[in-house]
Student: 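Encoded as structure tokens, here's the structure I'll be asking about.
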Amino acid sequence: MDLIEARFASLIRNASDVIMIVDAEGRIEYASPAVQRTFGLWQDDLVGRPLAEIWRDADRERIVAFMAEVTASQGVSVGPVEIPVSTKTRGFILECVGSNLLGDPAVKGLALNLRDVTDRKALEDQLRQLAFHDPLTLLANRSLFRNRVEHALALARRTQERLAVLMVDLDNFKNINDSQGHETGDRLLQTAAQRLVKCTRAADTVARLGGDEFAVLLEGIADVEQAEQIAISITEAFRVPIEIDGNELLVTASVGVPLSEPGDDTENVLRNADIAMYGAKTAGKGRYVVFHAHMQEQLRERLRLEDDLNQAFEKNEFFLEFQPIVDLKTSELLGVEALVRWQHPASGRMLPGQFIPLAEETGQIIALGRWVLEDACRQVSRWRRRMPAGEGLRIAVNISGRHLQQGDLFGDVRHAFEISGLEPECLLIELTESTMMHNSEATLLKLRDLRSLGVRLAIDDFGTGYSPLSYLHRFPIDILKIDRSFISRLTESSEGPKLARAVVMLGETLELETVAEGVEVEDQVAQLVKLGCVAAQGFLFSHATTLDEVGASRFAQRREQLRLAHAGYDRLTATGRYRVAEIVRKRGAA
Ligand code: C2E
Ligand code: MG
Ligand code: MG
């Protein structure tokens with residue numbers, strides 16, 4: 001062996017790839033030592049055996065086809081071709097390259113280069129998995145989902161079949177994620193993913209599009225009923241609470257169901273699914289809604305409104321009206337609740353029900369809340385100075401949960417005091433029950449901060465949520481505003497007074513003042529007084545109006561009368577005030 005030959009021999013012996021020479025029949029003539037290092041096969045055992053037979057298991061067809069191709073090639077190498085094989089101990093993916101050197105007198109065979117690419121393939125698979133799957137739930141991700149929809153649509157065009165994309169959004173997820181922590185949130189999403197998979201057929205693609213948004217692709221759908229059936233089983237499945245660490249968490253699902261129309265593209269189908277899902281949300285969540293063309297118009301309307309809302313701030317289109325809060329026994333004015341209105345350039349005067357939900361959703365509610373706080377404090381502060389018995393009159397402002405949780409309510413309130421000069425004790429912040437209870441620890445801290453400013457807190461629409469009593473006790477609340485529904489039932493059914501009494505008593509037990517909302521008839525006043533309720537507001541007394549009108553009302557006059565009759569009246573209890581009122585009444589009669 002000359003030097004050059006020896007050098008090549010050494011290279012082959014030490015190469016990490018397995019180098020083999022096989023004859024025209026596929027029998028091994030030579031295998032380099034790497035065959036032992038790589039596959040644990042003995043070099044000497046292999047000589048004379050057909051390549052396809054040395055593995056315990058292999059894609060033999062592919063080996064045979066590969067060698068046939070190498071044999072047929074002239075002067076060019078074949079491959080790389082990937083072939084799965086396995087030995088006694090493990091499986092491999094081989095990357096094979098071969099050259100036909102039958103005509104080369106030094107070789108007289110097929111020269112094969114076999115490389116173990118198992119690890120690389122696994123990594124590639126993992127990367128592909130990552131690129132197309134959501135790592136948390138292992139469901140398809142958005143890009144894979146779009147891809148599948150695109151293919152399904154192309155197929156459907158040829159076969160005249162239809163498909164449906166269900167858009168699934170978890171309703172209460174954000175609350176739970178905020179209040180219970182992200183770890184619980186993650187586990188919730190995983191359970192949700194499993195539930196979705198269980199509700200669908202094996203061939204359907206279930207994907208997580210992001211956040212708490214999932215989608216299901218249903219192929220080969222005969223009619224909308226079939227898609228609805230699956231939507232029903234999804235919404236039903238989510239009615240069962242999910243248990244995590246002993247906590248039962250309820251997250252319902254809102255589902256949008258569009259059926260593809262011939263000629264739809266991916267964009268269309270996904271957008272319609274979204275629109276229908278949004279429809280399910282606005283219809284009250286925890287349900288499915290089938291897409292209809294008119295929904296598109298509604299969506300446009302909504303986008304327009306969103307745009308208008310943005311401009312409304314600049315154009316100064318919001319304004320406040322004030323509804324008097326009246327002492328039930330004396331009829332004197334105790335304060336006012338600020339209620340926002342919007343003078344829309346095209347639609348005219350709009351009530352909060354028409355734009356607050358949208359503002360909540362888009363986050364514009366925070367800026368709106370800030371504006372209401374400032375304007376209400378400024379107006380009331382000025383008005384009170386003009387009022388004969390203005391001192392101590394309170395102003396109630398509604399604040400959205402989102403403002404409390406995500407905005408800087410503390411800073412906004414302080415700013416409102418700075419610019420208006422209003423005494424903090426006179427501001428009453430109204431929050432709904434669900435706002436108070438949600439994310440309780442963080443909320444509790446924020447409420448305490450607010451309280452430290454001197455502000456008072458009220459639960460609005462009390463009785464419509466499900467506050468556990470233990471919670472109520474912990475929260476720094478001053479006032480319960482009893483929801484209108486209890487008040488209207490006072491005179492409507494025999495059960496009504498009982499319910500209202502329970503709520504008023506609850507307030508008493510917790511040493512909270514109760515204010516009745518939506519008092520419309522005299523009978524209700526009598527009942528409420530009997531129950532021990534102190535204050536009320538409602539159409540019976542006055543609709544929401546301007547401060548000037550409130551100032552000229554009989555309730556304001558009554559206040560003035562009582563104040564004049566009795567200095568230091570402010571400091572009296574409700575019963576004390578009642579006695580004074582009686583005295584004044586008798587004096588008036590005399
Ligand atoms: P709310 O805080 O419970 O306000 C009372 C609502 O009941 C007002 O409706 C008021 O006009 C109405 N109301 C008062 N007395 C009666 C009555 O005797 N009978 C009937 N049927 N209704 C009565 P409005 O102004 O449409 O406000 C609706 C809701 O919008 C408010 O309920 C409040 O939750 C919200 N809202 C109003 N202004 C604001 C605001 O500035 N910010 C926020 N975040 N929400 C607001
Ligand atoms: Mg209110
Ligand atoms: Mg209310």
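Heavy-atom basis, side chains included; hydrogens, waters and symmetry copies ignored. We count ligands from 1, going down the list as the structure has it; atoms in each ligand are counted the same way.
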Student: For the Mg ion (ligand 3), what is the closest N, O or S atom on Asp461?
Tutor: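 Closest N, O or S atom of Asp461 to the Mg ion (ligand 3): OD1.
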Student: Could you tell me if Arg489 sits above the aromatic ring of Phe486, with its cationic atom closer than 6.0 Å to the ring centre and no more than 45 degrees from the axis?
Tutor: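 The answer is yes, since Arg489 meets both limits relative to Phe486.
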Student: Pairs of nitrogen or oxygen atoms closer than 3.5 Å, one from Gln537 and one from ligand 1: do any exist?
Tutor: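 Among all N and O atoms of Gln537, none is under 3.5 Å from an N or O of ligand 1.
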Student: Between Arg484 and ligand 1, which residue portion shows a heavy-atom distance shorter than 4.0 Å: side chain, backbone, both, or neither?
Tutor: side chain
Student: Can you confirm if the NZ or CZ of Arg195 lies within 45° of the ring axis of Phe214 and under 6.0 Å from the centre of its six-membered ring?
Tutor: no
Student: Taking atom CD of Glu374 and atom OG of Ser420, what is their separation to the nearest 0.5 Å?
Tutor: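 One finds 9.0 Å between CD of Glu374 and OG of Ser420.
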Student: Do any N/O/S atoms of Asp460 come under 2.8 Å of the Mg ion (ligand 3)?
Tutor: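 Yes, since at least one N, O or S atom of Asp460 sits under 2.8 Å from the Mg ion (ligand 3).
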Student: Looking only at distances, can you tell me whether any N or O atom of Val340, backbone or side chain, sits closer than 3.5 Å to an N or O atom of ligand 1?
Tutor: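 Between Val340 and ligand 1 (N or O atoms, distance only) the closest approach is under 3.5 Å.
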Student: With heavy atoms under 4.0 Å as the rule, classify the contact between Glu321 and ligand 1 as side chain, backbone, both or neither.
Tutor: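 It is neither; nothing of Glu321 touches ligand 1.
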Student: Relative to ligand 1, is Ile356 under 4.0 angstrom through side chain, backbone, both or neither, heavy atoms considered?
Tutor: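 For Ile356, only side-chain atoms sit under 4.0 Å from ligand 1.
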Student: For atom 46 (C) of ligand 1, what is the closest protein heavy atom, and at what distance to 0.1 Å?
Tutor: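 Ranked first by proximity to atom 46 (C) of ligand 1 is Asn398 CB, 3.7 Å.
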Student: Could you tell me whether Arg239 and Glu236 have a side-chain N and a carboxylate O separated by less than 4.0 Å?
Tutor: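 Yes, this pair counts.
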Student: Classify the contact between Lys481 and ligand 1 as side chain, backbone, both or neither, using a heavy-atom distance cut-off of under 4.0 Å.
Tutor: neither
Student: May I ask whether Glu360 places a heavy atom under 4.0 Å from ligand 1?
Tutor: no
Student: Give the residue, atom name and distance (to 0.1 Å) of the protein heavy atom nearest atom 11 (O) of ligand 1.
Tutor: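 Minimum-distance protein heavy atom for atom 11 (O) of ligand 1 reads Leu339 CD1, 3.9 Å.
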Student: With carbon and hydrogen excluded and only N/O/S kept, which atom of Glu337 is nearest the Mg ion (ligand 2)?
Tutor: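 Checking each N, O and S atom of Glu337, the shortest distance to the Mg ion (ligand 2) belongs to OE2.
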Student: Should you measure from each heavy atom of Glu520, which atoms of ligand 1 turn up under 4.0 Å away?
Tutor: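 The list of qualifying atoms is 17 (C), 18 (O), 19 (N), 20 (C), 21 (N).
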Student: Does Glu297, at its CD atom, have more than 12 non-hydrogen atoms belonging to other residues, nucleotides or ligands within less than 6.0 Å?
Tutor: yes
Student: Using the side-chain contact (heavy atoms from CB on, under 4.5 Å) rule, pick out the option among Ile479, Val503, Thr432 that qualifies with Phe462.
Tutor: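 Checked Ile479, Val503, Thr432 against Phe462; only one passes side-chain contact (heavy atoms from CB on, under 4.5 Å): Val503.
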Student: Determine, for Glu332 against Arg559, whether the closest basic-nitrogen to carboxylate-oxygen distance falls under 4.0 angstrom.
Tutor: yes
Student: Under 4.0 angstrom from atom 38 (N) of ligand 1, is there any protein heavy atom?
Tutor: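 Under the 4.0 Å cut-off, atom 38 (N) of ligand 1 does have protein heavy-atom neighbours.
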Student: Can an N or O of Gly353 be found at a distance shorter than 3.5 Å from an N or O of ligand 1?
Tutor: no
Student: How far is atom 3 (O) of ligand 1 from its nearest protein heavy atom, and which residue and atom is that?
Tutor: Glu517 OE2, 2.9 Å
Student: Do you see an N/O/S atom of Glu430, backbone or side chain, under 2.8 Å from the Mg ion (ligand 2)?
Tutor: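 True for Glu430.
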Student: Run through Asn172, Asp178, Asn177 and flag the one making a side-chain hydrogen bond (donor to acceptor under 3.5 Å, both in side chains) with Lys174.
Tutor: Asp178
Student: Would atom 18 (O) of ligand 1 count as contacted, meaning some protein heavy atom under 4.0 Å?
Tutor: yes
Student: Find all atoms of ligand 1 within a distance of less than 4.0 Å from any non-hydrogen atom belonging to Asp460, and give their numbers and elements.
Tutor: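 Within the 4.0 Å cut-off of Asp460, ligand 1 contributes 1 (P), 2 (O), 3 (O).
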Student: Report, in ascending order of atom number, the atoms of ligand 1 lying under 4.0 Å from any heavy atom of Gln323.
Tutor: 14 (C), 15 (N)
Student: Give a yes or no on this: more than 12 heavy atoms of other residues, nucleotides or ligands lie within 6.0 Å of atom CD of Glu423.
Tutor: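 Buried by this count: over 12 neighbours within 6.0 Å.
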Student: What residue and atom, counting heavy atoms only, is the protein's closest point to atom 16 (C) of ligand 1, and at what distance?
Tutor: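 Ranked first by proximity to atom 16 (C) of ligand 1 is Phe539 CE2, 3.2 Å.
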Student: Please work out whether any backbone atom (N, CA, C, O) or any side-chain heavy atom from C-beta onward of Val372 is under 4.0 Å from ligand 1, and answer side chain, backbone, both or neither.
Tutor: side chain
Student: Hey, could you give me the CG/CZ distance between Leu528 and Arg501, rounded to the nearest 0.5 Å?
Tutor: 11.5 Å
Student: Do the non-hydrogen side-chain atoms of Asp134 and Leu189 ever get within less than 4.5 Å of each other?
Tutor: no
Student: What are the atoms of ligand 1, with element, lying closer than 4.0 Å to any heavy atom of Gly538?
Tutor: 15 (N), 18 (O)
Student: One residue to check: Val397. Relative to ligand 1, which of side chain, backbone, both or neither has a non-hydrogen atom less than 4.0 Å away?
Tutor: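 Looking at Val397 and ligand 1, no heavy atom falls under 4.0 Å.
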Student: Ion pair present between Glu360 and Arg402, side-chain N to carboxylate O less than 4.0 angstrom?
Tutor: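 Here Glu360 does not pair with Arg402 in a salt bridge, since their nearest N and O are not under 4.0 Å apart.
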Student: Do the charged groups of Lys481 and Glu337 touch, with an N to O distance under 4.0 Å?
Tutor: yes
Student: What N/O/S atom of Glu517 is the closest to the Mg ion (ligand 3)?
Tutor: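 This residue's closest N, O or S atom turns out to be OE2.
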Student: Check whether the side chains of Thr184 and Gln180 place a donor and an acceptor atom closer than 3.5 Å, and report yes or no.
Tutor: no
Student: Does the residue Glu337 have a heavy-atom contact with ligand 1, meaning some pair of atoms that are separated by less than 4.0 Å?
Tutor: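 Glu337 counts as a contact of ligand 1 under the 4.0 Å cut-off.
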Student: Under a 4.0 Å N-O cut-off, is there an ion pair linking Asp245 with Arg187?
Tutor: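 A salt bridge is present here (some side-chain N lies under 4.0 Å from a carboxylate O).
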Student: Starting from atom 35 (C) of ligand 1, find the nearest protein heavy-atom neighbour and note its residue, name and distance.
Tutor: Pro352 CB, 4.1 Å
Student: So do the side chains of Trp342 and Asp308 get within less than 4.5 Å of each other, counting heavy atoms only?
Tutor: yes
